[in-house]
Amino acid sequence: MPPPLSYGEPKPYNRCFLSQENFLSLEDDLLKQRLERIREIEALGYRAYGHRFDFTHTIPAILAAYATKTAEELLPEVRVRVAGRMMTVRHMGKAGFAHLQQNGERFQIYVKKDAVGERDFQLFKLLDIGDIVGVEGYLFRTRTGELSIHAERLDFLSKTLLSMPEKWHGLEDVEIRYRQRYLDLIANPEVRKVFVTRARIVASLRRQLEALDFIDVETPMMQPLYGGAAARPFVTHHNTLDIDLYLRIAPELYLKRLVVGGLERVYEINRNFRNEGLSTHHNPEFTMLEFYQAYTDYRGLMDLTEALLKQTALDAAGSTDIEYCGEHLDFSHLERYTMSEAIVRFWEGDDRPTLDDVASRDWLLRHSGKPTAGEALADIFEQRVESKLIQPSIIYDYPVETSPLSKTKADDPAFVERFEIYAAGMELGNAYTELNDPQEQRRRFEMQIVLRERGDDEAHQMDEDYVRALSYAMPPTGGEGIGIDRLTMILTGSRSIRDVILFPLLRPEGPVDLVRSLRELDNEAKRP
RNA sequence: GGGCCGGUAGCUCAGGUGGUAGAGCAUGUGCCUUUUAAGCACAGGGUCGCGGGUUCGAAUCCCGCCCGGCUCACCA
């Protein structure tokens, strides 16, 4: 094999002079065959890359309408025109069968030379698995009973140059599945279902929120200051303004400005970006639903959350009983525990604390390395409880230290009116009664700045305009964020967040040799 | 970033305890007018992830690196 070529370099060899067929790699060989096949298809009078095709049915529509019909019920003949990607083919001399796939479903066609004529039959013999074709004919049942199209005409619509994944096992290499999602979608019908369900989840949430008079808004993804969450941001740069901008880690502070402005119920479903590690539960860009409702508090949001999740489960999965990794999750209601109660209840081991223990500063500091009682409480919760919250649950009343944007409880300023939603051991969402006192908000930001100066680069920056906005009076408001990716994981039974994101972030894969091969074969074809 | 596992034909995988590789599908050529993982015959296709080392000889052993998965840390 010659070394790989970079683009501008002169070729150190010329394949024409080598005149060795087997010098070509398999892939080049295949490409060459397919490119030659395009010429043969064109010689028969078809276009290799067709234009419009007017179909009478999609494949799923035919199946929906006729899958249960008997041979007798298909008389008089039902004529159809359909298009699809050829996924299997069985040639038998002067006839053959193939399956076309469209929108995730397959339908068999029967192509008989006597029925389609010489030219279309020549075309049929030239088809490769993966080609996109159109077919016209009538419905019938084969000897083995499969509903099929008895073809009377074939059209050629688009040529595949590369071979499809293996027909029996499909595409299993997860790296190829994520990098070349188009192939994954062709080869693995269940993958398509996951993303259809994801779309249903988003549609369900939008429909429910719209019904409650929430307004769909879009706020900046590129922000001069980042806030609304504790996370490290991505940084980018605007050339004309010559300023650095941050990809948002949350839309929160903008959405609350809108509540100040009188958009009393707003929601946004969009991407957040956090410059952190990747895992089965974390992708650097992820989709959040955030919504804000004036004149409610976290108790009101708990009820709303319960209703939202229940209906979303019904719309997306058809049931509130969701099986996830061997567990039955019941989305018909949400268990509610304070953080302190959850620690007592889900503690594993002999030294189970009492509620008094969990309220004791000494006990808390003995069980965590964190400097304050509140941080210790949150730390202990995360370490010992979070992963055990399998059933959909609400954990409420968070320590003030970890919640710079939440309103404190009237009867206990050490805690804030905040809750998080958990299911399958994962955090699904976060909500609180919004802090709307600008003086208090200013103090909280200043506390964050102290943390930042101590080296915590996830601490909030001072957002002066946000304090200014609150100074115009924000109504009492409840706000909530729900992670769409994680919710989708649960409602589709996906173990990894990468399975619910069409193009999850991966390291770049390096050079793809296909372009070079195509160029060389093109040059070769043009040579006299 | 740490630990563990993996990378062999286009795809799905076997093999290997050192002697330059196999199967099925896919591909090519024949035969076959109701098959369906169609069948039969023949054929082509591999830098065994990359680089280095040990060795007469490395796909196999050693080291480094790249890519991926799981997991821990961090986070939502």
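A straight line from NZ of Lys32(A) to C1' of G28(B) spans 14 Å, rounded to a whole angstrom. If you take OH of Tyr178(A) and C1' of G7(B), they are 16 Å apart, rounded to a whole angstrom. Atoms CG (Leu31(A)) and P (G28(B)) sit 13 Å apart, rounded to a whole Å. Rounding to whole angstrom units, CE of residue Met92(A) and P of G30(B) are separated by 18 Å. Rounded to a whole Å, the CG atom of Asp379(A) is 11 Å from the P atom of A73(B). In this structure, the CG atom of Leu147(A) is 14 Å from the C1' atom of U34(B), given to the nearest Å. Put simply, CG on Leu30(A) is 10 Å from P on G10(B), counting in whole angstrom units. A straight line from CG of Asp120(A) to C1' of U33(B) spans 16 Å, rounded to a whole angstrom.
When Watson-Crick and G-U wobble pairs are counted only if both distances are under 3.5 Å, U35(B) pairs with no nucleotide at all. Pair check for A23(B) finds U12(B); Watson-Crick or G-U wobble, both atom distances under 3.5 Å. Judged by Watson-Crick or G-U wobble contacts below 3.5 Å, the nucleotide C70(B) has G3(B) as its partner. With a 3.5 Å ceiling on both atom-pair distances, the Watson-Crick or G-U wobble partner of G28(B) is C42(B).
Out of G28(B), A76(B), U34(B), the shortest distance to the side chain of Asp128(A) is found at G28(B). For Arg274(A), the listed nucleotide lying nearest its side chain is A76(B); candidates were C67(B), A76(B), U29(B). Residue Lys112(A) has its side chain nearest to U33(B) when only U33(B), A76(B), U34(B) are considered. With G68(B), A26(B), U34(B) as the candidates, the nucleotide lying closest to the side chain of Arg507(A) is G68(B). Among U12(B), A76(B), C32(B), the nucleotide with an atom closest to any side-chain atom of Glu172(A) is U12(B). Comparing atom distances between the Thr280(A) side chain and each of U29(B), U12(B), C70(B) picks out C70(B) as nearest. Considering only the side chain of Ala230(A), A76(B) comes nearest among A76(B), G10(B), G28(B). The side chain of Arg143(A) lies closest to U34(B) when the candidates are U34(B), U33(B), U27(B). In this structure, of G69(B), C32(B), C25(B), it is C32(B) that holds the atom nearest to the side chain of Lys94(A). Candidate nucleotides C67(B), C11(B), A26(B) were compared by shortest atom distance to the side chain of Ile129(A), and A26(B) ranks first.
Taking the P atom of each, C65(B) and G28(B) are spaced 43 Å apart, rounded to whole Å. When the P atom is compared between U33(B) and U47(B), the two are found 39 Å apart, to the nearest whole Å. Rounded to whole Å, the separation between the P atoms of G52(B) and G44(B) comes to 32 Å. Across the C1' atoms, C66(B) and G51(B) are found 10 Å apart, a figure rounded to whole Å. Atom name P, nucleotides C62(B) and G6(B): the rounded distance is 12 Å, in whole Å. A14(B) and C61(B): their P atoms are spaced 16 Å apart (whole Å). Atom C1' of A26(B) sits at a distance of 15 Å from the matching atom of A43(B), rounded to the whole Å. Separation of the C1' atoms belonging to U55(B) and U20(B) is 15 Å when rounded to the nearest angstrom.
Judged by ring centres under 5.5 Å apart and planes tilted less than 30 degrees, Phe286(A) stacks against the six-membered base ring of A76(B).
Toward the 5′ end of RNA chain B lies the nearest nucleotide of Met164(A), the other residue of the pair Phe140(A) and Met164(A) mapping further downstream. Each of Arg37(A) and Gly96(A) lies near RNA chain B, and the nucleotide nearest Arg37(A) is the one positioned closer to the 5' end.
Between Arg179(A) and C67(B), a side-chain N or O to OP1/OP2 separation shorter than 4.0 Å is absent. Within the 4.0 Å cut-off from OP1 or OP2 of U71(B), not a single side-chain nitrogen or oxygen of Arg495(A) is found.
The only member of Ile395(A), Leu309(A), Leu389(A), Leu487(A) that meets side-chain contact (heavy atoms from CB on, under 4.5 Å) when paired with Ile421(A) is Leu309(A).
You'll find a donor-acceptor pair under 3.5 Å spanning the side chain of Arg90(A) and the base of U35(B), going by distance alone. If you check distances only, the side chain of Gln108(A) does reach the base of U35(B) with a donor-acceptor pair under 3.5 Å. Taking only distance into account, the side chain of Thr142(A) meets the base of U35(B) through a donor-acceptor pair shorter than 3.5 Å.
Here Glu152(A) pairs with Arg79(A) in a salt bridge; the nearest charged N to carboxylate O distance falls below 4.0 Å. One finds no salt bridge joining Glu348(A) and Arg384(A) here, because no Lys/Arg side-chain nitrogen approaches an Asp/Glu carboxylate oxygen to under 4.0 Å. Glu268(A) has a carboxylate O that lies under 4.0 Å from a charged side-chain N of Arg248(A), or vice versa, which qualifies the two as a salt bridge. A salt bridge is defined here as a Lys NZ or Arg NE, NH1 or NH2 lying under 4.0 Å from an Asp or Glu carboxylate O, and Asp128(A) with Arg37(A) meets this definition. Salt bridge present: Asp184(A) and Arg181(A) bring a charged side-chain N and a carboxylate O closer than 4.0 Å. Between Arg177(A) and Asp499(A) there is a salt bridge, with a side-chain nitrogen of the basic residue lying less than 4.0 Å from a carboxylate oxygen of the acidic one. Using a 4.0 Å cut-off between charged nitrogen and carboxylate oxygen, Glu36(A) and Arg39(A) count as a salt-bridge pair.
Ile176(A) comes within contact range of the sugar-phosphate backbone alone, with a heavy-atom separation under 4.0 Å but no base atom that close. At the heavy-atom level, Asp114(A) lies under 4.0 Å from base atoms of the strands shown. Note on Asn275(A): nothing from the nucleic acid sits closer than 4.0 angstrom, heavy atoms only. Nucleic acid contact class of Arg486(A) (heavy atoms, under 4.0 Å, all strands): base. Residue contacts for Gly429(A): at a heavy-atom cut-off of 4.0 Å it reaches no nucleic acid atom on any strand shown.
Annotation: Tyr398(A) is not in aromatic contact with Phe419(A) [ring centroid separation under 6.0 Å not met].
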